[in-house]
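To start, the structure itself, in structure tokens.
Since we're looking at a predicted model, the values are computed, not measured. Just the heavy atoms: all of them, side chains too, but no hydrogens, waters or symmetry mates, feed the values below.
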Amino acid sequence: ATVVLDSVNFHENAEYGRFESDRQLQLRPPDGEFTLMNYRLTGNFTQPFRFTPSIELQSTYKAELTLRIRADIPTNTSGIQVIVKVPVPKCTTSIGVELGVDAKGQTYEYKQAERYVTWTIAKFQGGTEQMCKIRISTGNPITPQIRREIGPLSMNFEVPMHNVSGVGIKFLRIEE
């Protein structure tokens with residue numbers, strides 16, 4: 001399959017004259033770790049994780065946020081160090097968290113001073129779904145304005161040996 005890159009930057013030691021025609025790079029590597037290539041891609045590609053949030057009002061002062069996350073990565077890979085941050089309203093008085101049925105390696109933490117909940121998943125297997133329910137109690141009635149304070153959600157993760165763009169190394173030849 002052909003991958004169309006929007007912009008590409010190479011390391012200063014890379015010779016990339018044949019990159020456009022043959023997709024070949026030559027490199028005289030510097031000592032230590034370095035980044036050979038940075039690129040940007042805006043075409044069609046599948047996001048590694050998909051969120052499905054829903055908020056349900058339990059009463060005037062209580063709401064329940066249900067988060068479902070699906071790992072749309074191959075089943076033989078895993079997301080690691082997955083951290084989901086969920087901002088909560090300023091008027092939050094207490095938080096209750098219920099993790100899914102198969103929640104081994106998962107934890108949560110409520111940071112009251114910063115007003116957010118952190119949900120951590122140590123290993124997220126590809127092709128699976130995880131769920132978390134966050135029960136929010138507030139000191140003020142929950143209005144549409146207070147509901148907007150729940151979010152935006154953010155997520156940090158690593159998926160070793162997986163590349164959503166399709167760019168990869170076909171072969172590597174080392175000459176001395």
Side-chain angles (χ1 to χ4, degrees), residues 4-9 33-35 37-167:
V4 178
L5 304 176
D6 294 324
S7 67
V8 180
N9 296 316
E33 189 174 313
F34 65 97
T35 300
M37 178 173 132
N38 286 312
Y39 60 91
R40 188 170 49 88
L41 177 77
T42 57
N44 291 334
F45 60 92
T46 302
Q47 297 287 338
F49 296 94
R50 186 177 351 145
F51 274 102
T52 308
S54 67
I55 299 175
E56 185 180 316
L57 290 177
Q58 304 291 312
S59 71
T60 308
Y61 295 91
K62 293 183 180 191
E64 181 176 85
L65 170 65
T66 302
L67 287 177
R68 293 184 187 283
I69 306 174
R70 174 148 180 84
D72 286 337
I73 54 178
T75 56
N76 61 344
T77 59
S78 297
I80 58 171
Q81 300 174 13
V82 177
I83 300 170
V84 179
K85 282 178 119 178
V86 183
V88 295
K90 296 173 194 163
C91 61
T92 299
T93 56
S94 68
I95 292 288
V97 178
E98 178 186 328
L99 300 174
V101 176
D102 188 25
K104 70 177 185 180
Q106 297 183 34
T107 59
Y108 71 89
E109 183 179 6
Y110 173 47
K111 303 217 179 207
Q112 189 171 8
E114 291 91 4
R115 293 188 312 277
Y116 66 83
V117 175
T118 302
W119 175 24
T120 304
I121 306 169
K123 184 176 180 182
F124 199 148
Q125 190 68 39
T128 64
E129 183 176 278
Q130 300 296 331
M131 192 263 308
C132 173
K133 289 185 179 188
I134 302 173
R135 291 180 188 85
I136 302 167
S137 297
T138 61
N140 299 336
I142 298 175
T143 62
Q145 181 179 350
I146 289 177
R147 278 182 67 156
R148 282 192 290 275
E149 291 180 26
I150 302 172
L153 306 174
S154 66
M155 182 178 192
N156 293 325
F157 59 88
E158 292 179 33
V159 184
M161 304 305 293
H162 178 69
N163 189 345
V164 296
S165 70
V167 172

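- Atoms CD and CD1, from Gln125 and Ile80 in turn, are 12.0 Å apart once rounded to the nearest 0.5 Å.
- Interatomic distance, Ile55 CD1 to Ile136 CD1, rounded to the nearest 0.5 Å: 7.0 Å.
- The shortest distance between side-chain heavy atoms of Asp72 and Gln47 does not fall below 4.5 Å.
- Thr118 contributes atom OG1, which lies 10.0 Å from atom CG of Asn156 (distance to the nearest 0.5 angstrom).
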Taking it one step at a time, do Trp119 and Val97 satisfy side-chain contact (heavy atoms from CB on, under 4.5 Å)?
-> CA-CA 9 Å; Trp119 175 24; Val97 178; over 6 Å; no

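- Counting all heavy atoms, side chain and backbone alike, Ala103 lies closest to Gly100 at CB-O, 3.2 Å.
- Closest of all the heavy-atom pairs between Pro141 and Ile146 is O-CD1, 3.2 Å.
- One distance of note links CD of Gln130 with CG of Asp102; it measures 6.5 Å at 0.5 Å rounding.
- In this structure, the side chain of Thr66 does not engage the main chain of Lys133 through any donor-acceptor pair within 3.5 Å.
- The shortest side-chain heavy-atom distance between Thr77 and Pro160 does not fall under the 4.5 Å cut-off.
- Ile69 has its side chain within reach of Phe51: a pair of non-hydrogen atoms, C-beta onward, lies under 4.5 Å apart.
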Step by step, would you call Glu129 with Arg70 a salt bridge (charged side-chain N to carboxylate O under 4.0 Å, His left out)?
-> CA-CA 4 Å; Glu129 183 176 278; Arg70 174 148 180 84; 5.4 Å; no

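- The side-chain heavy atoms of Ile121 and Phe157, taken from C-beta on, include no pair separated by under 4.5 Å.
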Run the numbers on Ile73 and Phe124 for side-chain contact (heavy atoms from CB on, under 4.5 Å), then give the verdict.
-> CA-CA 10 Å; Ile73 54 178; Phe124 199 148; over 6 Å; no

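- Rounded to the nearest 0.5 angstrom, Leu153 CG and Met155 CE are separated by 10.0 Å.
- How far CD of Glu114 is from NZ of Lys85: 8.0 Å, rounded to the nearest 0.5 Å.
- Side-chain atoms of Thr93 come within 3.5 Å of backbone N or O of Ser137 as a donor-acceptor pair.
- Counting heavy-atom neighbours within 6.0 Å of Arg50 CZ, excluding the residue itself, gives a total of 12 or less.
- Looking only at side-chain heavy atoms (C-beta outward), Ile134 and Tyr108 stay at 4.5 Å or farther from each other.
- The shortest non-hydrogen separation linking Gly127 to Thr75 is CA-CG2, 4.2 Å.
- With Glu149 contributing its side chain and Lys90 its backbone, the two residues share a donor-acceptor pair below 3.5 Å.
- Shortest non-hydrogen contact noted between Pro89 and Arg115 is O-CD, 3.9 Å.
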